[in-house]
*Asks:* 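Have a look at the structure that comes next, please.
Side chains included, hydrogens not; waters and symmetry mates left out as well; all remaining heavy atoms used. In the text below, chain A, chain B and the rest are named by the order of the sequence lines, each starting its count at 1.
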Protein chains: 2
Amino acid sequence: MVTIADIAKMAGVAKSTVSRYLNGGSVSEETIRKIEKVVQETGYSPNKFAQSLKAKKTNIIGTIVPRLDSYATSQTLIGIDEQLRDLEYQLIISNTSQSLEREIENIYILAQQKVAGIILLATMVTEKHIKALHEIKVPILLVGQENEEFHSLIHNDYQAAHSLGEYVLAQRHTRIAYLGVTKEDIAVGVKRREGFMSAVADKVDTEVKYFETSFKSEDAIHKTLEIIEQYKPSIIVCATDNIALGALKAAYLSGLQVPKDLSITGFGGYEVTDLIHPSITTVKFFYKEAGNFAAKSIVKMVNKEEIDQMTFSKYEILKRESVDKKNN
Amino acid sequence: MVTIADIAKMAGVAKSTVSRYLNGGSVSEETIRKIEKVVQETGYSPNKFAQSLKAKKTNIIGTIVPRLDSYATSQTLIGIDEQLRDLEYQLIISNTSQSLEREIENIYILAQQKVAGIILLATMVTEKHIKALHEIKVPILLVGQENEEFHSLIHNDYQAAHSLGEYVLAQRHTRIAYLGVTKEDIAVGVKRREGFMSAVADKVDTEVKYFETSFKSEDAIHKTLEIIEQYKPSIIVCATDNIALGALKAAYLSGLQVPKDLSITGFGGYEVTDLIHPSITTVKFFYKEAGNFAAKSIVKMVNKEEIDQMTFSKYEILKRESVDKKNN
DNA sequence: CTGAAAGCGCTTACAG
DNA sequence: CTGAAAGCGCTTACAG
């Protein structure tokens, strides 16, 4: 491997001059030419470790994700990656396989690697998270969950669910099942549920019942089968698209036609919801754009610029085939 | 930040002794106790850059992926990640957004970052790839595409497609459309097609026609619409599950019942193919297991152990609802 | 504009 | 078992 010392010797100058050339310091025309030539010939590129050792920082942004096999995650990552590339930062992706413990562990590991900033696609924010995030002195941005102590970019779950609730009511559904997830997940488990509730709560002649399942489609199938049998709703509002996919399968297994016998809505905007038949009415979050924004924000934070404490990403209700309009 | 010098001073020993303690050199019981205490108290952890600068290598494995939003990619990454964690290596994921140019660029960038090894989830292997992979002196493993100059782990596309072809024939389909992709992609575009051809080629009274589309479901919808209209096959064999999803949508748009009026098969084994109705007959590749294997292999290569030049991953034909058995 | 020197935080022969 | 010293490849005041 060729080093700065080699370049200096070959060009007949001092190492410091080569360094200045590399970092845009003042160097004479002639010296530039000499160094340029040697750099070209050798294909020299500076050793990142040596640079980081001096600089005590890197241009790496670490992103911690709970899982890799999720539409929301991959879209967000694509957005982050895209933007970071433009900003000339490098992205390190750290997967926790849904383990909270690893999430904490990864926060420390990334800090140890001297990343310039961390984007955390959070599922929950526990005491341990808060402690870890405070201990490491690294700029941090939460995506998907809010916490008053940190900057965050959140999907407007409450508002989106509220809009969805209004839409469902406008379709005159009066016997509604809401199939949500654990309340430990504030964004998906709590905000979506509450947003939906806020829209349908005071409505007269409307019955709403709340159920809970896991994030897995498989579990949603079984749960929906129960719901259909015991409650016979005209619509099942699902907290995620994967759950909606499971519900759709359950409807089929029960011999129910969607949307005639049972309407179904999702949440998330996975592409496949539009590809299948019936296509599923869902709430689309702009994950990729959110990723872009997150990347810009964390870089601003790294550069000590001010950014808003909390930002909401956009959403859109995608009205498709899986919801029937009732005529009562 | 506390450094090895701080620890040494606080423990009343030399830096070299602390280093020996850290790296398992011979240190007396008593010294160990002293150093241990100080390390505990300070929460000291060695500076990775300084270590790497000396060692001239890292324990990082770089993985280059063409895209993040694909089932195959995410499953493979999960497998790699999982295994690498056990092996105490760190994973860097580098996304190229399907740009061949960036693929080459990333090879050099990873080399510059002194990764210990590179796993390349390849889509094509061009001359430039070969040149780059030779230039950097880093162990490299190709996944998904084969090339005689490098070690590779390939999904047995040819054999799998052959088996699928036999299955299709066994269901007595005699008017077959094969919907493939560009031949520039050796694995998906060529091997799957050829494997399928090898099974159906000499079959009498069977007509097979080959078509081509992109990897996008959207394009597959349009292409399938054309195929249905012009060729009226009894089955469409699709080179990927995403294409099959598009074909299914097209069948619906054409008013055809699947599988009664038109059978459809996919390739890949995406979870959603089992979740929708009708569920899609497809070929499942064990991506996660392949990822595990890839991780083990690259670490072996890093450690100068011998590994097979080429390995085939496993596959399985998943027989589901989207294929009808004909009675001629 | 340019060079010599010190230092970033570690590891590794080399003596003792 | 332990310490002093050199060196990994860079950058950055400091002189000139």
*Asks:* Return the nucleotide paired to D:dT2: Watson-Crick means purine N1 to pyrimidine N3 with N6-O4 or O6-N4, wobble means G-U with N1-O2 and O6-N3, both under 3.5 Å.
*Replies:*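 Matched D:dT2 with C:dA15 under the 3.5 Å cut-off.
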*Asks:* Where does the chain B footprint on DNA chain C start and end, counting 5' to 3' with a 4.0 Å heavy-atom cut-off?
*Replies:*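 Nucleotide range with atoms under 4.0 Å of chain B: C:dG9 to C:dA13.
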*Asks:* Does this structure show an ion pair linking A:Lys131 with A:Glu127, if we count only N-O contacts that are shorter than 4.0 Å?
*Replies:*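 Here A:Lys131 does not pair with A:Glu127 in a salt bridge, since their nearest N and O are not under 4.0 Å apart.
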*Asks:* Within the 4.0 Å heavy-atom criterion, would you say A:Lys15 contacts the bases, only the backbone, or no part of the nucleic acid?
*Replies:*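 Base contact - A:Lys15 has a heavy atom under 4.0 Å of at least one base atom.
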*Asks:* For A:Thr31, answer base if it contacts any base atom (sugar-phosphate contacts may also be present), sugar-phosphate if it contacts only those atoms, and nothing otherwise; contact means non-hydrogen atoms under 4.0 Å.
*Replies:*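 Touches sugar-phosphate only.
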*Asks:* Under 4.0 angstrom, heavy atoms only, what part of the nucleic acid is A:Ser16 near: base, sugar-phosphate, or nothing?
*Replies:*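 Answer is base: heavy atoms of A:Ser16 come under 4.0 Å of a base.
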*Asks:* NA contact type, A:Ser19, heavy-atom cut-off 4.0 Å: base, sugar-phosphate, or nothing?
*Replies:*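 Base, at least one base heavy atom under 4.0 Å.
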*Asks:* Counting any heavy atom closer than 4.0 Å, what does A:Ser26 reach on the DNA or RNA strands: base, sugar-phosphate only, or nothing?
*Replies:*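 Base: the residue A:Ser26, judged by heavy atoms under 4.0 Å, touches a nucleobase.
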*Asks:* Check every strand shown and say whether B:Tyr44 touches a base, only sugar-phosphate, or nothing at a heavy-atom separation below 4.0 Å.
*Replies:*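 Sugar-phosphate only.
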*Asks:* What distance do B:Ile119 atom CD1 and B:Ser152 atom OG have between them, rounded to the nearest 0.5 Å?
*Replies:*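 If we round to the nearest 0.5 Å, B:Ile119:CD1 and B:Ser152:OG are 13.0 Å apart.
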*Asks:* Do A:Phe150 and A:His129 make the cut of ring centroids closer than 6.0 angstrom?
*Replies:*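 No, too far apart.
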*Asks:* With rounding to the nearest 0.5 angstrom, report the CG to CZ distance, A:Asp81 to B:Arg67.
*Replies:*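 It is 14.0 Å, given to the nearest 0.5 Å.
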*Asks:* On DNA chain D, check which nucleotide each of B:Gly25 and B:Ala50 is closest to and give me the residue with the more 5' one.
*Replies:*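 Looking at DNA chain D, the more 5' nearest nucleotide goes with B:Gly25.
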*Asks:* At their closest point, which heavy atom of A:Ile118 faces which heavy atom of A:Val115, and how far apart are they?
*Replies:*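 Closest heavy-atom pair between A:Ile118 and A:Val115: CG1-CG2, 3.7 Å.
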*Asks:* Quick one: on DNA chain D, does B:Leu53 or B:Thr17 contact a more 5' nucleotide (nearest heavy atom)?
*Replies:*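 Going by which nucleotide is closer to the 5' end, it is B:Thr17.
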*Asks:* Do B:Tyr287 and B:His155 have their ring centres less than 6.0 Å from each other?
*Replies:*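 For B:Tyr287 and B:His155, the ring centres are under 6.0 Å apart.
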